[in-house]
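Letters A, B, ... are given to chains in the order of the sequence lines, protein chains preceding strands, and every chain is numbered from 1. Excluded from the calculations below are hydrogen atoms, water molecules and symmetry mates; all remaining heavy atoms, backbone and side chain alike, are included.
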There are 4 protein chains.
Amino acid sequence: MSGNSFGRRFVVTTFGESHGPALGVVIDGVPPGLLLDLAALRADLDRRRPGQSTLTTPRTEADAPEVLSGLFEGRTVGTPIAILFRNTDARSESYNQLKDVYRPSHADYTWEARFGWRDWRGGGRASARETVGRVAAGAVARQVLAGAGMEVVGWVQRVADIDAGPVDSERVGREQVEANAVRCPAPEPAARMEAAIRAARAEGDTLGGVVRCVARGVPAGLGGPVFDKLEADLAKAMLSLPAAKGFESGSGYAGTFARGSEHNDPFVPGPGGRPLTSSNRSGGVQGGISNGMPVELSVAFKPVATIFKPQHTVTRTGEPVVLEPKGRHDPCVLPRAVALVEAMTCLVLVDHWLERLTPAPAVCT
Amino acid sequence: MSGNSFGRRFVVTTFGESHGPALGVVIDGVPPGLLLDLAALRADLDRRRPGQSTLTTPRTEADAPEVLSGLFEGRTVGTPIAILFRNTDARSESYNQLKDVYRPSHADYTWEARFGWRDWRGGGRASARETVGRVAAGAVARQVLAGAGMEVVGWVQRVADIDAGPVDSERVGREQVEANAVRCPAPEPAARMEAAIRAARAEGDTLGGVVRCVARGVPAGLGGPVFDKLEADLAKAMLSLPAAKGFESGSGYAGTFARGSEHNDPFVPGPGGRPLTSSNRSGGVQGGISNGMPVELSVAFKPVATIFKPQHTVTRTGEPVVLEPKGRHDPCVLPRAVALVEAMTCLVLVDHWLERLTPAPAVCT
Amino acid sequence: MSGNSFGRRFVVTTFGESHGPALGVVIDGVPPGLLLDLAALRADLDRRRPGQSTLTTPRTEADAPEVLSGLFEGRTVGTPIAILFRNTDARSESYNQLKDVYRPSHADYTWEARFGWRDWRGGGRASARETVGRVAAGAVARQVLAGAGMEVVGWVQRVADIDAGPVDSERVGREQVEANAVRCPAPEPAARMEAAIRAARAEGDTLGGVVRCVARGVPAGLGGPVFDKLEADLAKAMLSLPAAKGFESGSGYAGTFARGSEHNDPFVPGPGGRPLTSSNRSGGVQGGISNGMPVELSVAFKPVATIFKPQHTVTRTGEPVVLEPKGRHDPCVLPRAVALVEAMTCLVLVDHWLERLTPAPAVCT
Amino acid sequence: MSGNSFGRRFVVTTFGESHGPALGVVIDGVPPGLLLDLAALRADLDRRRPGQSTLTTPRTEADAPEVLSGLFEGRTVGTPIAILFRNTDARSESYNQLKDVYRPSHADYTWEARFGWRDWRGGGRASARETVGRVAAGAVARQVLAGAGMEVVGWVQRVADIDAGPVDSERVGREQVEANAVRCPAPEPAARMEAAIRAARAEGDTLGGVVRCVARGVPAGLGGPVFDKLEADLAKAMLSLPAAKGFESGSGYAGTFARGSEHNDPFVPGPGGRPLTSSNRSGGVQGGISNGMPVELSVAFKPVATIFKPQHTVTRTGEPVVLEPKGRHDPCVLPRAVALVEAMTCLVLVDHWLERLTPAPAVCT
């Protein structure tokens, strides 16, 4: 593969540049017979959409999905589902000054190093607009997972140093997350996060933070044995997101301060003879395979690289220069990143779930 | 693929169980013409070897590599290199009691959920013995990378709450890391780490911690554009390691507390007209592609699940039981994990480097 | 992958159904910097287009390509190129009678067996309309190959029992092939083929035949070592085409009648010290790897399954029924199949050529 | 991947050179719980073994399989099965003269063109000894398929111009095939084939021919939709075999002489309401997917390139030279190729069967 596809069974390929004619996604491996809920698809996309609130970039894109294939009489037929998004609010002229200058901590220089040149309009394909196709694919995956009793909920756990505090991962739902523009289910920290984001924007600065996500109803037995551990694929999925710099499964970094006797999750008898664990420091994954408990993870997002302050950098020819930024950007990606983290979680889960469906042809006695 | 292979160009497939006849690895995609340094290969393996010091498991395996293919007159010929390791010190009888009991925070239950049954001797394929093949493959990758001027150095940054403090990632070398059994280049914290590990073992308990790793000499331009970002592949590689629960690239979680104006890495003119950054919070990767600065990462390892204290758990038939552990294990994986983190870093880098070599057939003017 | 992608470096994914909104292709792995000749792309598509001559189906589709991504200032940027084709002349009502009936030697029954149900309009995704994306991708591949001195020419070698006779594979060009509607470079057999196709159509019947194809300028050294032999990938490519039932490399089946002493291709000194062979029964491939001589292959296409005669078949519920066909189809796919065979040849060659570009980092002395 | 692996679900990786320490195979994706019949495995290997009869090469290799992993208590555990074969009768000195000379129609020159140099001892990895791992993997696949009611039988259909005549593909079994050394189930042609092979050997010459193969009990619904058609994967599998130059599915090239009205396979009601076809010119595959009828194919093998007559060729430095061959080779690969064709057929079928097992999570109503 050449880097624009994700998944082994439920294979997602995205295409498109920020200021090109369109972006899109092809989803191969969708099980046949699913009645696709297009309203739910659009609802997922709206959570990622630019211009959705005053906390995000003012670029306005409807991001209306056009489904080009794979549906017949409203249902999936097992063939690739292609979904198209036209770009409508691209303003390339703002980027003219960036043709020959490398923005700090952006992909400008590295894409040139990789490909020899770059589409400098709005970041080209390195723009976070690429993720619209991921969210569309994640929405389809979410609907497949729902049929198997799985549910994925993400939220903003932290913005800069403002933490949401304990969130009940067994119960938190989309309603609570959507109750405010920052997508933090704890109202009081949410208000402070929102204020911090507005303050940073006012100063021309940006903030980072942490998204947490839980998948409930995940059956035991999802995950590859060695390299394709469930956590490994989740980690890859999350670090493939723009601005992501860290990943945790279950107790993550905090768990490294505990002793084994404190950290282990004791098994207890559960319903139907299946074991449960009385704690979930494993984050629902043991030995790389799900154990039936909620799958929990976190993702660290760095502060947005585009700031509205002068910055020192160099030109393509190596001359030092002071960059005065233009363009439209988010002061903090966290509120929109919730949709991305959920989408990638759905993609990984559906991939492993489809893999797991293969039954054992021979039975041990 | 079915989960036992890693990489797209430099493809590593491992096989073998902890108490089976042998473990091994097949490495496909090794460039032809490389004079393989077998002594260096063995040196890398010795750092992972059980029984190497009193801080590790007393299981003694020579882990002497037998190269079965892919070499001719001492050089690689471009065909798969298969390397075999015979198991010699397996004591399966210690595990008899574990046939029908699920060890807490181990893979016993989840492998049964995935595969229907399991090889219960020494953890079967879920044992960390599987990683011997990874280290062998990583050693081959390291030699390929060395020819291109790249060097990978890992170390123990933290054990439980004992931190190594600042380590100069631009200069730290294997000599300093190997100066003590715990593989921490800061002597004083290393001594405390070692004492803590011995104390935990004496109590039948275990510790976790953090490995950091740096790759120097990585040219700008390594990394796939969207899903196969360098950080994404590194994250997957690290979370595929036994006991790994977290990953950071560059500033990682700590970086989320900074503002964009504090976090961005300014570009400055460098030698040969290529830009450098005056800080490296990006950890050498921007937009998923290397920028020519050192690639830096960290991995969180949970405390070892095998403790020498009674634990509550359940049997295969769902009966609660108290488990009295036997077997031989490490009180802390960190010292040996350095070899694993380095190996996986080498595998990811060589994969992306081989991909990058493909030149652009057409030249822009 | 899930069956709708082809290639390892130059990865082509097609989507779309015969009577859905659109068909298309995403091409990942196109080298950056190529000035894409859109007129040449359209010219390749016109050779596959339905309604191009009185020998083909009367369905009229402009098949005008809309390039959605991957180009900047007319050049490839190394990101996926998505190309869209709107369906405009679909007449689904002709297919209403086929909802519950399996057409003999079509994919109706087997797609139901595979996917549980099917889009019965115009064959759904099993329609040969799917190949429009392949030809578009092949056209891009052809332009990449041209930059490396490679050229691919196919022609109709045989229709039913009318053979073109000897064709000079070292010299035959598109001009000769395009000189008649049947795409056979030998004028007199071409005329007889054309008459035979018209006669078959008049009788409501269909014909099969053989396409041959040559790739000139292929450098020595393309091809994988064991499973991914150049011939193996070509064989897969060709048998993935609708109606293809056979493949030959070089002397193919005819060569099996010769003795080794008659069949071997003697090496002779060539220009620049590189060996040539004085015959080319190997078809340019030895041990699965190109040897610098023209790569030659043939593909057998069965007679079109849609005939305009009553046929015995069964319904979805297993009732015997006589099928009276409707719809619009080709009496013989051979003339249009030339474009398909060339496209797939280009895709295989560019994939192996990109793989081959990776140089050996170490040099033997 | 790098060319030494085959399959997507049942992934086979072979390694080893003709005169290296060992050859082997790693099989990933074997369903857990299968009681592996090692005697049947050895029986399959014996059919490929050199030195098995006076019709084959006199090189004597026991090819005794050593299973290194993946079994526990005699059953598969779902982890990779590695199987090792030591080389014991390698006589490298016979090949000394070939270091600097390219054998006509062998892989000597092309491997050098691909890899820069080569292991010249016995053909290195280009030797047909590589296929020992394929046959071992095919034997495992065959046992998985048997559990699902599938059976694969191949035979020699033709040697040079001696054809077996009609063979009843619905009934032919291994017993008839193994009744003579040439593996042709028709006794009288078999005797003539054997005489022809002996005569060719006596003259220092070699013969080619055709293997046919049938898979019975294949359920309807195996095969990918577009690029991964069952016939496409079979074609790739067969053309990846040494000396293979052609492939046919069902009626193949002969079918191109028929009209559609003659070639179509009428559907008739079958047992259990499932349709059968009253003829099988499709060879059990329609639209790339199995239709429940026997899957039938043929493979063309060119005459062996190693002949015992002087041949004109060139040296590595481009000097013309007359080659006087030494070494040990088959005068005709057909008798041993039956085992290879069966093995590759089993590998393709098991791969598609495992893929097919994934049920549709949603049901159409």
Sidechain-backbone polar pair: [X] side chain, [Y] backbone, donor-acceptor under 3.5 Å:
X: A:Asp233; Y: A:Leu349; answer: no
X: C:Asp63; Y: C:Leu45; answer: no
X: A:Glu61; Y: A:Thr88; answer: yes

> With only heavy atoms counted, which part of C:Arg118 is less than 4.5 Å from chain A, the side chain, the backbone, both or neither?
Replying inline: backbone
> Using non-hydrogen atoms only, which part of C:Leu84 is less than 4.5 Å away from chain A: side chain, backbone, both, or neither?
Replying inline: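 For C:Leu84, the contact with chain A is made by the side chain alone.
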> Based on non-hydrogen pairs under 4.5 Å, which of C:Glu73, C:Arg121, C:His19 is most in contact with chain A?
Replying inline: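 Of C:Glu73, C:Arg121, C:His19, C:Arg121 has the most heavy-atom pairs under 4.5 Å with chain A.
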> Tell me, side chain or backbone of A:Val77 under 4.5 Å from chain C's heavy atoms, or both, or neither?
Replying inline: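 Both parts, backbone and side chain.
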> Can you tell me how far the CD1 atom of A:Ile83 sits from the OG1 atom of A:Thr14, to the nearest 0.5 Å?
Replying inline: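 These two atoms lie 12.5 Å from each other.
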> Which of residues 124-142 of chain C have a heavy atom under 4.5 Å from any heavy atom of chain A?
Replying inline: C:Arg125
>> Angle between ring planes, C:Phe72 versus A:Trp120, binned at 30° and 60°: parallel, tilted or perpendicular?
In response: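 The rings of C:Phe72 and A:Trp120 stand perpendicular, inter-plane angle above 60°.
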> Is there a side chain to side chain contact (heavy atoms under 4.5 Å, CB included) between A:Phe15 and C:Asp28 once you walk through the steps?
Replying inline: CA-CA 9 Å; A:Phe15 61 84; C:Asp28 197 5; over 6 Å; no
>> How close do A:Leu34 and A:Gln143 get, counting heavy atoms only, and between which atoms?
In response: CD1-O, 4.1 Å
> Would a line drawn from the ring center of A:Phe10 to the ring center of A:Trp353 be shorter than 6.0 Å?
Replying inline: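 For A:Phe10 and A:Trp353, the ring centres are not under 6.0 Å apart.
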>> Please rank A:Gly16, A:Pro21, A:Gly29, A:Gly24 by heavy-atom pairs under 4.5 Å with chain C and give me the top one.
In response: A:Pro21
